[in-house]
Peer 1: 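Okay, handing you the structure first.
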Amino acid sequence: MNATTAEIAKETKSASTIPKYKRILLKLSGEALMGDRSFGIDPEVVQDIALQVAEIVKDGTEVAIVVGGGNIFRGINGADKGMDRATADYIGMIATVMNALTLQDAFEHLDEPIQTRVMSAIAMQEIAEPYIRRRAIRHLENNRVVIFGAGSGNPYFTTDTTAALRGAEINAEVILKATKVDGIYDSDPKKNPDAKRFQTVSFDHALIHDLRVMDATAFALCKENGIPIIVFDLGVTGNIRRVIMGESIGTYVGGSCEIN
(Lines give C-alpha, C1' and ligand atoms only; values in the text may rest on other atoms or scores of the structure.)
Protein backbone atom coordinates (compact mmCIF):
# COMPACT_ATOMS: atom_id res chain seq x y z
CA MET A 1 0.00 0.00 0.00
CA ASN A 2 1.38 3.40 -0.98
CA ALA A 3 1.84 5.96 1.78
CA THR A 4 -0.43 8.98 1.59
CA THR A 5 0.95 12.49 1.18
CA ALA A 6 -0.04 13.24 4.79
CA GLU A 7 1.83 10.18 6.08
CA ILE A 8 4.96 11.10 4.13
CA ALA A 9 4.80 14.67 5.41
CA LYS A 10 4.38 13.41 8.98
CA GLU A 11 7.41 11.10 8.65
CA THR A 12 9.51 13.89 7.10
CA LYS A 13 8.57 16.28 9.91
CA SER A 14 9.34 13.64 12.54
CA ALA A 15 12.76 12.92 10.99
CA SER A 16 13.55 16.67 10.90
CA THR A 17 13.05 16.92 14.66
CA ILE A 18 15.46 14.12 15.50
CA PRO A 19 18.72 15.56 16.93
CA LYS A 20 21.88 14.74 15.01
CA TYR A 21 23.77 14.22 18.27
CA LYS A 22 22.64 12.08 21.19
CA ARG A 23 25.32 13.15 23.71
CA ILE A 24 27.22 16.42 23.58
CA LEU A 25 29.65 18.42 25.66
CA LEU A 26 29.02 22.16 25.66
CA LYS A 27 32.03 24.34 26.45
CA LEU A 28 31.09 27.74 27.87
CA SER A 29 33.67 30.38 28.65
CA GLY A 30 33.25 32.42 31.79
CA GLU A 31 33.13 35.51 29.58
CA ALA A 32 30.05 34.09 27.84
CA LEU A 33 28.14 34.54 31.11
CA MET A 34 29.04 38.23 31.36
CA GLY A 35 26.96 39.43 28.42
CA ASP A 36 27.89 43.06 27.86
CA ARG A 37 29.22 43.50 31.38
CA SER A 38 32.91 43.90 32.17
CA PHE A 39 32.83 41.49 35.12
CA GLY A 40 30.62 38.94 36.81
CA ILE A 41 27.42 37.31 35.61
CA ASP A 42 24.50 38.64 33.59
CA PRO A 43 21.35 36.81 34.83
CA GLU A 44 19.56 37.35 31.51
CA VAL A 45 22.38 35.66 29.58
CA VAL A 46 22.40 32.72 32.00
CA GLN A 47 18.62 32.42 31.65
CA ASP A 48 18.89 32.39 27.86
CA ILE A 49 21.55 29.66 27.96
CA ALA A 50 19.40 27.59 30.33
CA LEU A 51 16.37 27.90 28.04
CA GLN A 52 18.39 26.89 24.98
CA VAL A 53 19.89 23.86 26.70
CA ALA A 54 16.52 22.85 28.17
CA GLU A 55 15.08 22.79 24.66
CA ILE A 56 17.60 20.25 23.38
CA VAL A 57 17.35 18.15 26.55
CA LYS A 58 13.60 17.86 25.91
CA ASP A 59 14.42 16.76 22.35
CA GLY A 60 16.39 13.85 23.81
CA THR A 61 19.99 15.10 23.71
CA GLU A 62 22.18 14.31 26.72
CA VAL A 63 24.11 17.42 27.76
CA ALA A 64 27.30 17.86 29.75
CA ILE A 65 28.80 21.31 30.27
CA VAL A 66 32.29 22.53 31.08
CA VAL A 67 32.31 26.17 32.16
CA GLY A 68 35.27 28.51 32.52
CA GLY A 69 35.82 31.17 35.17
CA GLY A 70 37.33 34.11 33.29
CA ASN A 71 34.43 36.39 34.16
CA ILE A 72 35.49 36.18 37.82
CA PHE A 73 39.17 35.25 37.90
CA ARG A 74 41.61 34.02 35.27
CA GLY A 75 44.60 32.12 36.64
CA ILE A 76 47.02 33.11 33.88
CA ASN A 77 46.30 36.81 34.54
CA GLY A 78 47.01 36.37 38.23
CA ALA A 79 50.29 34.64 37.42
CA ASP A 80 51.25 37.48 35.06
CA LYS A 81 50.87 39.88 38.01
CA GLY A 82 53.23 37.94 40.24
CA MET A 83 51.04 35.27 41.84
CA ASP A 84 52.26 31.71 42.09
CA ARG A 85 50.87 30.05 38.93
CA ALA A 86 49.47 26.99 40.69
CA THR A 87 47.76 29.13 43.35
CA ALA A 88 46.30 31.42 40.69
CA ASP A 89 44.98 28.44 38.73
CA TYR A 90 43.31 26.98 41.83
CA ILE A 91 41.55 30.29 42.41
CA GLY A 92 40.40 30.17 38.79
CA MET A 93 39.06 26.65 39.34
CA ILE A 94 36.99 27.85 42.28
CA ALA A 95 35.58 30.58 40.03
CA THR A 96 34.37 27.91 37.60
CA VAL A 97 32.44 26.22 40.42
CA MET A 98 30.70 29.53 41.16
CA ASN A 99 29.63 29.69 37.52
CA ALA A 100 28.56 26.04 37.56
CA LEU A 101 26.30 26.61 40.58
CA THR A 102 24.81 29.67 38.87
CA LEU A 103 23.96 27.61 35.80
CA GLN A 104 22.51 24.83 37.95
CA ASP A 105 20.23 27.29 39.71
CA ALA A 106 19.04 28.68 36.36
CA PHE A 107 18.19 25.20 35.03
CA GLU A 108 16.28 24.25 38.16
CA HIS A 109 14.25 27.48 38.26
CA LEU A 110 12.88 27.29 34.74
CA ASP A 111 9.11 27.03 34.36
CA GLU A 112 9.79 23.41 33.43
CA PRO A 113 12.87 22.63 35.58
CA ILE A 114 15.73 20.53 34.26
CA GLN A 115 17.42 18.20 36.73
CA THR A 116 21.07 19.20 37.02
CA ARG A 117 24.18 17.94 38.81
CA VAL A 118 27.36 19.90 39.45
CA MET A 119 30.43 17.66 39.63
CA SER A 120 33.65 19.18 40.91
CA ALA A 121 37.18 17.97 40.23
CA ILE A 122 38.13 19.48 43.62
CA ALA A 123 36.27 18.09 46.65
CA MET A 124 33.46 20.43 47.73
CA GLN A 125 31.06 17.89 49.14
CA GLU A 126 28.65 20.41 50.66
CA ILE A 127 27.83 22.00 47.29
CA ALA A 128 28.87 19.58 44.52
CA GLU A 129 29.36 15.91 43.82
CA PRO A 130 32.91 14.66 43.30
CA TYR A 131 33.70 13.91 39.67
CA ILE A 132 33.26 10.18 39.07
CA ARG A 133 33.14 9.16 35.43
CA ARG A 134 30.58 6.35 35.75
CA ARG A 135 28.31 8.49 37.92
CA ALA A 136 28.48 11.31 35.39
CA ILE A 137 27.47 8.94 32.58
CA ARG A 138 24.61 7.59 34.69
CA HIS A 139 23.31 11.13 35.29
CA LEU A 140 23.37 11.76 31.53
CA GLU A 141 21.50 8.53 30.86
CA ASN A 142 18.84 9.75 33.32
CA ASN A 143 18.42 12.99 31.32
CA ARG A 144 20.17 15.18 33.88
CA VAL A 145 22.39 18.03 32.72
CA VAL A 146 25.86 17.51 34.19
CA ILE A 147 28.02 20.59 34.79
CA PHE A 148 31.72 19.95 35.37
CA GLY A 149 33.35 22.51 37.66
CA ALA A 150 36.91 23.11 38.91
CA GLY A 151 38.45 22.30 35.55
CA SER A 152 40.48 19.10 35.56
CA GLY A 153 41.48 19.68 39.19
CA ASN A 154 45.06 20.40 38.12
CA PRO A 155 46.88 23.70 37.61
CA TYR A 156 48.44 24.57 34.24
CA PHE A 157 45.52 23.08 32.28
CA THR A 158 42.80 25.18 30.66
CA THR A 159 39.07 24.51 30.74
CA ASP A 160 39.31 23.90 26.97
CA THR A 161 41.58 20.96 27.72
CA THR A 162 39.13 19.88 30.44
CA ALA A 163 36.32 19.96 27.86
CA ALA A 164 38.30 17.68 25.54
CA LEU A 165 39.19 15.36 28.44
CA ARG A 166 35.66 15.11 29.83
CA GLY A 167 34.25 14.79 26.33
CA ALA A 168 36.43 11.74 25.73
CA GLU A 169 35.61 10.26 29.16
CA ILE A 170 31.84 10.46 28.74
CA ASN A 171 31.93 9.39 25.07
CA ALA A 172 30.51 12.67 23.79
CA GLU A 173 29.80 12.66 20.06
CA VAL A 174 30.81 16.30 19.64
CA ILE A 175 32.15 19.27 21.59
CA LEU A 176 30.28 22.53 21.09
CA LYS A 177 32.55 25.49 21.69
CA ALA A 178 30.27 28.47 22.36
CA THR A 179 31.97 31.80 21.67
CA LYS A 180 31.27 35.42 20.83
CA VAL A 181 32.24 34.93 17.17
CA ASP A 182 30.50 32.90 14.46
CA GLY A 183 33.35 30.48 13.79
CA ILE A 184 37.06 30.18 13.03
CA TYR A 185 38.70 32.62 10.61
CA ASP A 186 41.96 32.47 8.68
CA SER A 187 42.95 35.75 10.39
CA ASP A 188 41.52 38.06 13.05
CA PRO A 189 38.24 39.45 11.59
CA LYS A 190 38.47 42.45 13.93
CA LYS A 191 41.81 43.43 12.38
CA ASN A 192 41.32 42.15 8.84
CA PRO A 193 37.99 42.96 7.14
CA ASP A 194 38.85 40.45 4.41
CA ALA A 195 39.26 37.55 6.84
CA LYS A 196 37.58 34.35 5.63
CA ARG A 197 35.60 32.02 7.87
CA PHE A 198 36.25 28.31 7.71
CA GLN A 199 33.16 26.19 7.18
CA THR A 200 35.21 23.13 8.09
CA VAL A 201 38.84 22.81 9.13
CA SER A 202 41.08 19.85 9.89
CA PHE A 203 42.73 19.30 13.27
CA ASP A 204 46.14 19.34 11.59
CA HIS A 205 45.46 22.74 10.01
CA ALA A 206 44.20 24.13 13.31
CA LEU A 207 47.33 22.90 15.10
CA ILE A 208 49.88 23.88 12.43
CA HIS A 209 48.41 27.37 11.95
CA ASP A 210 47.83 27.91 15.67
CA LEU A 211 44.13 28.75 15.35
CA ARG A 212 43.57 29.83 18.94
CA VAL A 213 39.90 29.12 19.42
CA MET A 214 40.90 26.21 21.65
CA ASP A 215 44.39 25.47 22.94
CA ALA A 216 46.67 22.97 21.21
CA THR A 217 46.31 20.35 23.96
CA ALA A 218 42.51 20.37 23.54
CA PHE A 219 42.80 20.07 19.76
CA ALA A 220 45.28 17.20 20.10
CA LEU A 221 43.05 15.33 22.58
CA CYS A 222 40.02 15.68 20.32
CA LYS A 223 41.99 14.56 17.28
CA GLU A 224 43.37 11.50 19.08
CA ASN A 225 39.90 10.48 20.30
CA GLY A 226 38.00 11.34 17.12
CA ILE A 227 35.77 13.98 18.71
CA PRO A 228 34.79 16.81 16.34
CA ILE A 229 34.46 20.39 17.60
CA ILE A 230 31.88 22.89 16.39
CA VAL A 231 32.72 26.53 17.08
CA PHE A 232 29.66 28.81 16.94
CA ASP A 233 28.20 32.11 18.14
CA LEU A 234 26.34 31.71 21.43
CA GLY A 235 24.97 35.24 21.14
CA VAL A 236 22.35 34.19 18.57
CA THR A 237 19.42 32.69 20.46
CA GLY A 238 18.56 29.23 19.16
CA ASN A 239 22.02 28.45 17.80
CA ILE A 240 22.59 25.59 20.24
CA ARG A 241 19.55 23.75 18.91
CA ARG A 242 20.46 24.58 15.31
CA VAL A 243 23.84 22.94 15.78
CA ILE A 244 22.30 19.89 17.46
CA MET A 245 19.82 19.49 14.60
CA GLY A 246 22.67 19.43 12.10
CA GLU A 247 22.40 22.90 10.57
CA SER A 248 25.60 24.33 9.13
CA ILE A 249 26.39 26.80 11.91
CA GLY A 250 29.88 28.10 12.72
CA THR A 251 33.00 26.06 11.96
CA TYR A 252 33.28 22.27 12.10
CA VAL A 253 36.73 21.15 13.28
CA GLY A 254 37.57 17.61 12.25
CA GLY A 255 36.96 17.56 8.51
CA SER A 256 38.81 18.94 5.50
CA CYS A 257 39.48 22.66 5.05
CA GLU A 258 36.69 24.66 3.41
CA ILE A 259 36.39 28.46 3.54
CA ASN A 260 33.10 30.29 3.04
Side-chain angles (χ1 to χ4, degrees), residues 24-53 63-80 88-107 118-121 145-153 155-167 172 174-185 188-190 206 210-219 221-222 227 229-237 239-240 243 249-251 253:
I24 64 125
L25 188 139
L26 175 64
K27 171 58 173 67
L28 296 172
S29 66
E31 288 84 349
L33 306 185
M34 289 194 308
D36 294 327
R37 302 184 179 194
S38 59
F39 178 82
I41 297 168
D42 185 332
E44 291 185 4
V45 171
V46 174
Q47 176 79 358
D48 182 65
I49 293 170
L51 288 168
Q52 290 192 63
V53 172
V63 180
I65 299 174
V66 168
V67 62
N71 57 319
I72 299 171
F73 187 89
R74 184 179 292 278
I76 190 78
N77 292 346
D80 287 343
D89 280 352
Y90 281 121
I91 296 171
M93 291 179 215
I94 294 169
T96 72
V97 176
M98 295 168 68
N99 285 335
L101 293 172
T102 300
L103 285 169
Q104 180 184 44
D105 185 76
F107 285 123
V118 173
M119 304 190 85
S120 174
V145 171
V146 179
I147 307 173
F148 298 119
S152 66
Y156 303 101
F157 290 93
T158 68
T159 49
D160 280 345
T161 297
T162 301
L165 176 62
R166 296 289 184 253
V174 66
I175 292 175
L176 306 187
K177 167 76 172 179
T179 70
K180 292 186 176 182
V181 295
D182 61 349
I184 300 176
Y185 286 77
D188 189 342
K190 294 181 180 179
D210 197 23
L211 301 179
R212 292 180 174 270
V213 176
M214 294 183 83
D215 62 70
T217 305
F219 275 137
L221 269 171
C222 288
I227 307 172
I229 304 165
I230 299 177
V231 180
F232 70 101
D233 184 359
L234 181 66
V236 179
T237 299
N239 262 0
I240 295 177
V243 173
I249 301 291
T251 299
V253 183

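Worth saying up front: this structure is predicted, and the values here are computed from it rather than measured. No hydrogens, no waters, no symmetry mates; every other heavy atom, side chains included, goes into these values.
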Peer 1: Looking at Arg37 and Pro43, what are the two nearest heavy atoms and their distance?
Peer 2: NH2-CD, 3.7 Å
Peer 1: Any side-chain heavy-atom pair from Ile65 and Leu28 closer than 4.5 angstrom?
Peer 2: yes
Peer 1: Please step through side-chain contact (heavy atoms from CB on, under 4.5 Å) for the pair Leu221 and Thr161, ending with a clear verdict.
Peer 2: CA-CA 8 Å; Leu221 269 171; Thr161 297; 4.0 Å; yes
Peer 1: Do the side chain of Asp182 and the main chain of Gly250 share a donor and acceptor less than 3.5 angstrom apart?
Peer 2: no
Peer 1: Please report the closest heavy-atom contact between Val45 and Gly35, naming both atoms and the distance.
Peer 2: CG2-CA, 3.6 Å
Peer 1: Assess whether side-chain contact (heavy atoms from CB on, under 4.5 Å) is satisfied between Gln47 and Leu51, documenting all intermediate values.
Peer 2: CA-CA 6 Å; Gln47 176 79 358; Leu51 288 168; 4.2 Å; yes
Peer 1: Can you see which heavy atom on Arg166 is nearest to which on Ala121, and at what distance?
Peer 2: NH2-CB, 3.8 Å
Peer 1: For residues Phe219 and Ile229, determine if any side-chain heavy atom of one lies less than 4.5 Å from a side-chain heavy atom of the other.
Peer 2: yes
Peer 1: With the side chain counted from C-beta on, respond yes when Ile227 and Leu25 share a heavy-atom pair under 4.5 Å apart, and no when they do not.
Peer 2: no
Peer 1: Rounded to the nearest 0.5 Å, how far apart are CG of Leu26 and CD1 of Ile230?
Peer 2: 11.5 Å
Peer 1: Quick check against the 3.5 Å criterion: does Asn239 have a side-chain atom that pairs as donor or acceptor with the backbone of Asp233?
Peer 2: yes
Peer 1: Heavy atoms, side chains only, cut-off 4.5 Å: are Phe157 and Leu165 in contact?
Peer 2: no
Peer 1: Could you tell me whether the side chain of Phe107 reaches within less than 4.5 Å of the side chain of Val63, counting heavy atoms only?
Peer 2: no
Peer 1: Enter the distance from Leu234:CG to Lys177:NZ here, rounded to the nearest 0.5 Å.
Peer 2: 11.0 Å
Peer 1: Might you point out which heavy atoms bring Asp89 and Gly75 nearest each other, and give the distance in Å?
Peer 2: OD1-CA, 3.6 Å
Peer 1: So, Thr96 side chain and Ala150 main chain: donor-acceptor pair closer than 3.5 Å or not?
Peer 2: yes
Peer 1: Out of curiosity, Glu31 CD to Asn71 CG, how far, rounded to the nearest 0.5 Å?
Peer 2: 6.5 Å
Peer 1: Should Val67 and Thr159 count as side-chain neighbours, where that means a heavy-atom distance under 4.5 Å?
Peer 2: no
Peer 1: Are Leu33 and Ile49 side-chain neighbours, meaning at least one heavy-atom pair lies under 4.5 Å?
Peer 2: yes
Peer 1: Are the side chain of Thr251 and the backbone of Val231 linked by a donor-acceptor contact shorter than 3.5 Å?
Peer 2: no
Peer 1: Please give me the minimum heavy-atom distance between Pro155 and Tyr90, naming the atom from each residue.
Peer 2: CD-OH, 3.4 Å
Peer 1: So, for Phe148 and Ala64, which heavy atoms are closest and what is the spacing to 0.1 Å?
Peer 2: CE1-CB, 3.7 Å
Peer 1: Would one find more than 12 heavy atoms of other residues, nucleotides or ligands at under 6.0 Å from atom CE of Met119?
Peer 2: yes
Peer 1: Would you give the length of the straight line joining atom CZ of Arg74 to atom OG1 of Thr158, rounded to the nearest 0.5 angstrom?
Peer 2: 9.5 Å
Peer 1: State, yes or no, whether a side-chain contact exists between Lys27 and Asp160 at a heavy-atom distance under 4.5 Å.
Peer 2: yes
Peer 1: Set out, in order, the CA-CA distance, both residues' side-chain angles and the distance that settles side-chain contact (heavy atoms from CB on, under 4.5 Å) for Ile175 and Cys222, then state yes or no.
Peer 2: CA-CA 9 Å; Ile175 292 175; Cys222 288; 3.6 Å; yes
Peer 1: Please round to the nearest 0.5 Å and tell me the distance separating atom CG of Asp215 and atom CG of Asp210.
Peer 2: 10.0 Å
